[in-house]
Amino acid sequence: MLNRIKKLKNIFEQKFSDTGLIAGMFAAPGRVNIIGEHTDYNDGFVLPVAINRNIIMAAQLRTDKKIKIYSEEFDQKLEFDLNNISRNEKNSWSNYILGVIKEFQKRGKKLQGINIAFTGDIPIGSGLSSSAALEVAAAVTIANMHNINITKVKLALLCKRAENDFVGVASGIMDQYISALGQKNRALFIDCKSNQFEAIPFVTDTYKIVMCDTRVKRKLVDSEYNQRRKECKEAVLFYKENLRSNINSLRDVNKEEMEKTYDQLFNYSAPVAKRARHVITENIRVKKSVEALREKDFVKLGKLMNQSHSSLSNDFEVSCKELDLIVELARGIKGTIGARMTGAGFGGVTVNLVHRDYLEKFKKIVRAGYEKKVGKKPYIYISDPENGAKSLKEFGENDEY
Ligand code: GLA
């Protein structure tokens, strides 16, 4: 990361003149979810890790009320007025930062003008949460520059608000949460109802977390995501009427209750019954995965990941042929102990647990098999669980912010 930090500092100095005010650099990582998919907005459980790909941001306060932002990726420099922040339809990338600024203002924080330059190596639109990382990087930057004391949980919630209300995407809390709170060599077991979390050691010399990027643009993802949310709500209403009135989310329904009423719900709506079955069984799989990690039983974790994929593909129906193909290719390789789609679905990445001695073989077979059928090679990334958002005090010195 050292070279990228130096490069960003140079870019910042080229694009902006020194205001003499407080300056700093910050980073926020992307994420991959080990297990617990489409459970966060159902008050359920997730188990993500932060990865070794980041958004890095350099900033300095200004004496006026202007916000100037330079994106290296888009090679665009935009200017806004702190007193008049509204959505930018033309350059949508800026909304992730503007939305965060607006949220601080909504909380009564008096902000100063700021110059920002940022860059990143999280592939955009691949399902590794580059947008949440951009929000979290912006929030950490704004908070630090203005000496605003905010817990990381509150910071993640603020970013989620920005995404839901300003950017306009009805995501759950997982992505912002893990980008803000990730820990090295730990997965975060997050209870998305209470917002409490526990860092579970994810330490193994034998297995590696491998991500395969289908490079499929996730076209339908927004409408299908909202559709799934709607179906889950319908299921809750059904259970509330037919089981107990104190059911407020799918989290409140146990497996026996779901199974007992499955046919009845299926007759009412087959998709709704299947969506509910996925969420209810996925929550159980997350808890079992936490147990597996505690027992250092990665083979058990891998099996649960495999089950999660089947459930997402057959019941929740958010996979696609490219994701299924990569999962199938990966599972065919000795050394792969778990393979599943991860994130919202309809493209994006898979997450795999692969024995380190089989990594090269894995890459070769998955690349060749995928290219043969899809006509392009998937991108493959490997990462250990990393720390969440941080201040980059000196070049190369990554202090927790
Ligand atoms: C997207 C959302 C998350 C979560 C996942 C599915 O990544 O941003 O909040 O709902 O999909 O698990």
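Source: prediction; values computed, not measured. Worth knowing before you read on, the calculation uses all heavy atoms, side chains too, and leaves out hydrogens, waters and symmetry mates. Every number for a ligand or one of its atoms is a count from 1 in the order of the listing.
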### Atoms of ligand 1, numbered as shown, that sit under 4.0 Å from any heavy atom of R31
7 (O)
### Message
Show me which atoms of ligand 1 lie under 4.0 Å from any heavy atom of G172.
### Response
9 (O)
### Query
Above 12 or not: heavy atoms from other molecules or residues under 6.0 Å from OH of Y379?
no
### Task
Say whether D40, considering both its backbone and side-chain N or O atoms, lies within less than 3.5 Å of an N or O atom on ligand 1.
yes
### Task
Compute the shortest N/O to N/O distance between N33 and ligand 1 and return yes if it is under 3.5 Å, no if not.
no
### Heavy-atom proximity to atom 11 (O) of ligand 1, best of Y177, Y225, Y41
Y225
### Task
Scan side-chain atoms only and decide if K66 and N115 contain a donor-acceptor pair under the 3.5 Å cut-off.
no
### Query
Any cation-pi pair here, K15 with Y70, using under 6.0 Å and within 45°?
yes
### Task
Provide the full list of ring pair (Phe, Tyr, Trp, His ring centres under 6.0 Å) pairs with a residue in residues 272-296, sequence neighbours left out, each pair given once.
H278-F316
### E163 and ligand 1 - part of the residue with a heavy-atom distance under 4.0 Å
neither
### Message
Can you name the atoms of ligand 1, numbered from 1 with element, that are less than 4.0 Å from a heavy atom of M174?
### Response
4 (C), 5 (C), 12 (O)
#### Entry: Exercise: do R285 and T281 side chains pair donor with acceptor under 3.5 Å
yes
### Query
Are a donor atom and an acceptor atom from the side chains of N164 and K160 found within less than 3.5 Å of each other?
yes
### Message
Can you check which of T39, D175, V318 brings a heavy atom nearest to atom 1 (C) of ligand 1?
### Response
D175
